[in-house]
Every structure is written in structure tokens, then in C-alpha cells.
Amino acid sequence: MTLRLLWSETAFDTGHETFDSLVGTGGITGMLPTIALVLCAMTFGTAMIGTGMLGVLTHKITARLKSRFAIVGSTVGGGLFINSCTADQYLSLIIGGNMFRNVYRRFGLESRLLSRTLEDSVSVTSVLIPWNSCGVTQSTVLGVSTLTYLPFCVFNYLSPVMSLVMAFTGFKIKQTYASYRLQVKS
């Protein structure tokens with residue numbers, strides 16, 4: 001009985017239509033499309049890393065970066081692009097972190113800046129991408145398409161913009177001690 005409840009659709013009839021729709025589930029079979037999407041995204045990411053394609057792309061993108069604003073801008077753009085291609089925010093965070101980690105070190109930028117920039121460009125925007133696992137889940141739970149709730153997600157689309165503003169102004173961005181020592185010696 002318990003396994004059947006977990007596996008297949010569950011419906012409750014309490015007399016409150018809204019409550020019934022919230023607690024009624026599709027079980028494991030209802031989550032299979034999302035699980036398949038995440039597995040495909042993981043396979044794609046693994047193939048990119050394993051074949052070395054990610055390393056080549058990373059070098060081509062990061063070799064020309066010379067300023068803090070360019071680095072953060074590339075991280076935001078790369079995060080949004082990876083999030084759109086891989087269809088999973090967690091994989092996008094891992095790939096984005098691996099891509100830009102050495103660039104942030106080379107320029108003496110704190111790893112907190114990389115982490116914050118990835119969160120601002122990947123985590124909060126994943127619900128806005130209709131084919132991303134977060135977008136699929138949110139639109140299914142809400143019962144509306146991603147484009148329908150997009151105008152109300154002000155934080156989600158202003159967050160990457162604020163990362164760019166912070167990088168441009170330098171507000172609350174610290175350089176690491178190692179990079180400070182390199183600048184003093186030069």
C-alpha cells in the first residue's frame with residue numbers, strides 16, 4: 001500500500017478544492033519527466049568535462065578578460081548560457097565554478113565574488129527558463145507557464161544586473177592578499 005502511494009498518483013477528497021489540489025501528487029511517475037531532464041543534463045555536463053571541450057571553451061572565453069567588470073560580466077553571461085544549455089541549475093553552478101575559478105584566482109578576486117556571481121546569474125534565473133528543471137517544476141506546481149509569471153519575478157532578473165553594477169563600481173569587492181602582494185612588488 002505504501003509503495004503504491006509513493007509510485008502512483010495520490011488524490012485526496014477533503015471537500016476543500018484548493019487543499020486537495022495542493023496535497024494530491026503524481027507520485028514518482030509524476031516526477032519522471034523532471035528526473036529524465038536532470039539525468040540528460042548531467043550526461044551532457046559529464047561529456048563536456050570528460051572530452052575536454054569545457055577546457056577549450058574556458059580558455060577561449062577567459063584568455064581575453066582583463067578587468068573585474070569583464071570577468072564578472074563573463075561569469076554572468078556564461079552562467080545564463082550554461083543554465084539555458086544544461087537545463088539544470090546545479091550542473092550550471094558546477095560547470096560555471098570550474099570554468100571561472102582560475103580566472104578569479106589569477107586576478108586576485110575573492111572566491112566569494114565568484115560564488116555570489118554564479119548564484120545571481122544561475123540559481124535565481126533557473127525558474128525563468130521554461131526547459132530548465134526548476135522552470136518545469138515551478139510552472140507545473142503553479143499551473144501557469146514560465147512566461148506568465150516572468151513579469152512578477154523582479155528579483156530574479158534584476159539580480160544579474162546588480163552583480164554587474166557591483167562589479168562596475170567595485171562596491172564591497174575585495175582583492176585577496178596574494179594579489180595585493182603581487183601589485184606591491186610590481
S.K.: Is there side-chain contact between Thr137 and Cys134, with at least one heavy-atom pair below 4.5 Å?
M.R.: no

S.K.: Against Thr140, only a single residue in Leu142, Val136, Val144 fulfils side chain to side chain contact (heavy atoms under 4.5 Å, CB included); can you say which?
M.R.: Val136

S.K.: Rounded to the nearest 0.5 Å, how far apart are CG of Leu113 and NZ of Lys172?
M.R.: 14.0 Å

S.K.: In this structure, would Leu80 and Ile129 fall into the same cluster of hydrophobic residues linked by side-chain contacts under 4.5 Å?
M.R.: no

S.K.: Near Phe81 CZ, under 6.0 Å, is it more than 12 heavy atoms from other residues, nucleotides or ligands?
M.R.: no

S.K.: Could you check Thr117, Asp120, Val76 and say which one makes a side chain to side chain contact (heavy atoms under 4.5 Å, CB included) with Leu164?
M.R.: Val76

S.K.: Can you give me the closest heavy-atom contact between Trp131 and Ala87, atom names plus distance?
M.R.: O-CB, 3.5 Å

S.K.: Taking all non-hydrogen atoms of both residues, which atom of Val72 and which atom of Ser163 are closest, and how far apart?
M.R.: CG1-O, 3.8 Å

S.K.: Return the set of residues passing salt bridge (charged side-chain N to carboxylate O under 4.0 Å, His left out) with Arg101 (not counting sequence neighbours), or none when no residue passes.
M.R.: none

S.K.: Report yes or no: do Ile173 and Val103 belong to one cluster of Ile/Leu/Val/Met/Phe/Trp/Tyr joined by side chain heavy-atom distances under 4.5 Å?
M.R.: yes

S.K.: Between the side chain of Asn156 and the main-chain N/O of Thr125, is any donor-acceptor distance below 3.5 Å?
M.R.: no

S.K.: Given 3.5 Å as the limit, does a donor-acceptor pair link the side chain of Ser126 with the main chain of Ser123, or not?
M.R.: yes

S.K.: Taking all non-hydrogen atoms of both residues, which atom of Leu109 and which atom of Arg68 are closest, and how far apart?
M.R.: CD2-CG, 4.2 Å

S.K.: Using a 3.5 Å distance criterion without hydrogens, assess whether the side chain of Asn83 forms a donor-acceptor pair with backbone atoms of Gly79.
M.R.: no

S.K.: Could you check whether Thr43 and Thr46, counting side-chain N and O atoms only, form a donor-acceptor pair closer than 3.5 Å?
M.R.: no

S.K.: What I'd like to find out is whether the side chain of Leu147 reaches to under 4.5 Å of the side chain of Leu150, using heavy atoms alone.
M.R.: yes

S.K.: How far apart are the closest heavy atoms of Met99 and Thr62, and which atoms are they?
M.R.: O-CG2, 4.3 Å

S.K.: Cluster question for you: counting only ILVMFWY and a side-chain heavy-atom cut-off of under 4.5 Å, with indirect links fine, are Val127 and Leu93 together?
M.R.: no

S.K.: Please indicate whether Tyr149 has more than 12 foreign heavy atoms, meaning atoms of other residues, nucleotides or ligands, lying under 6.0 Å from its OH.
M.R.: yes

S.K.: Please say yes or no: joined through hydrophobic side-chain contacts below 4.5 Å, possibly via intermediate residues, are Ile71 and Ile82 part of one cluster?
M.R.: yes

S.K.: Should Leu118 and Leu54 be counted in the same cluster of Ile, Leu, Val, Met, Phe, Trp and Tyr side chains packed under 4.5 Å apart?
M.R.: yes

S.K.: For the CG atom of Leu91 and the CE atom of Met42, what is their distance to the nearest 0.5 Å?
M.R.: 8.0 Å

S.K.: To the closest 0.5 Å, what do you measure between CD1 (Ile94) and CD1 (Ile49)?
M.R.: 7.5 Å

S.K.: Phe171 versus Val165: any side-chain heavy-atom pair under 4.5 Å?
M.R.: no

S.K.: Considering residues at least two apart in sequence or located in another chain, which fulfil the salt bridge (charged side-chain N to carboxylate O under 4.0 Å, His left out) criterion with Glu110?
M.R.: Arg112

S.K.: To the nearest 0.5 Å, what is the distance between OG1 (Thr75) and CZ (Arg116)?
M.R.: 11.5 Å

S.K.: Without hydrogens or angle criteria, can the side chains of Ser92 and Thr86 be said to hold a donor-acceptor pair below 3.5 Å?
M.R.: yes

S.K.: Identify the heavy atoms of Leu57 and Met48 that sit nearest to each other, and give their distance.
M.R.: CD1-CE, 3.6 Å

S.K.: Mind running side-chain hydrogen bond (donor to acceptor under 3.5 Å, both in side chains) on Asp88 and Ser133 for me, showing each step along the way?
M.R.: CA-CA 6 Å; Asp88 185 61; Ser133 58; 3.0 Å; yes

S.K.: I'd like to check Phe100 versus Ser74 (side-chain heavy atoms, cut-off strictly below 4.5 Å). Are they in contact?
M.R.: yes

S.K.: At their closest point, which heavy atom of Phe107 faces which heavy atom of Lys66, and how far apart are they?
M.R.: CE2-O, 3.6 Å

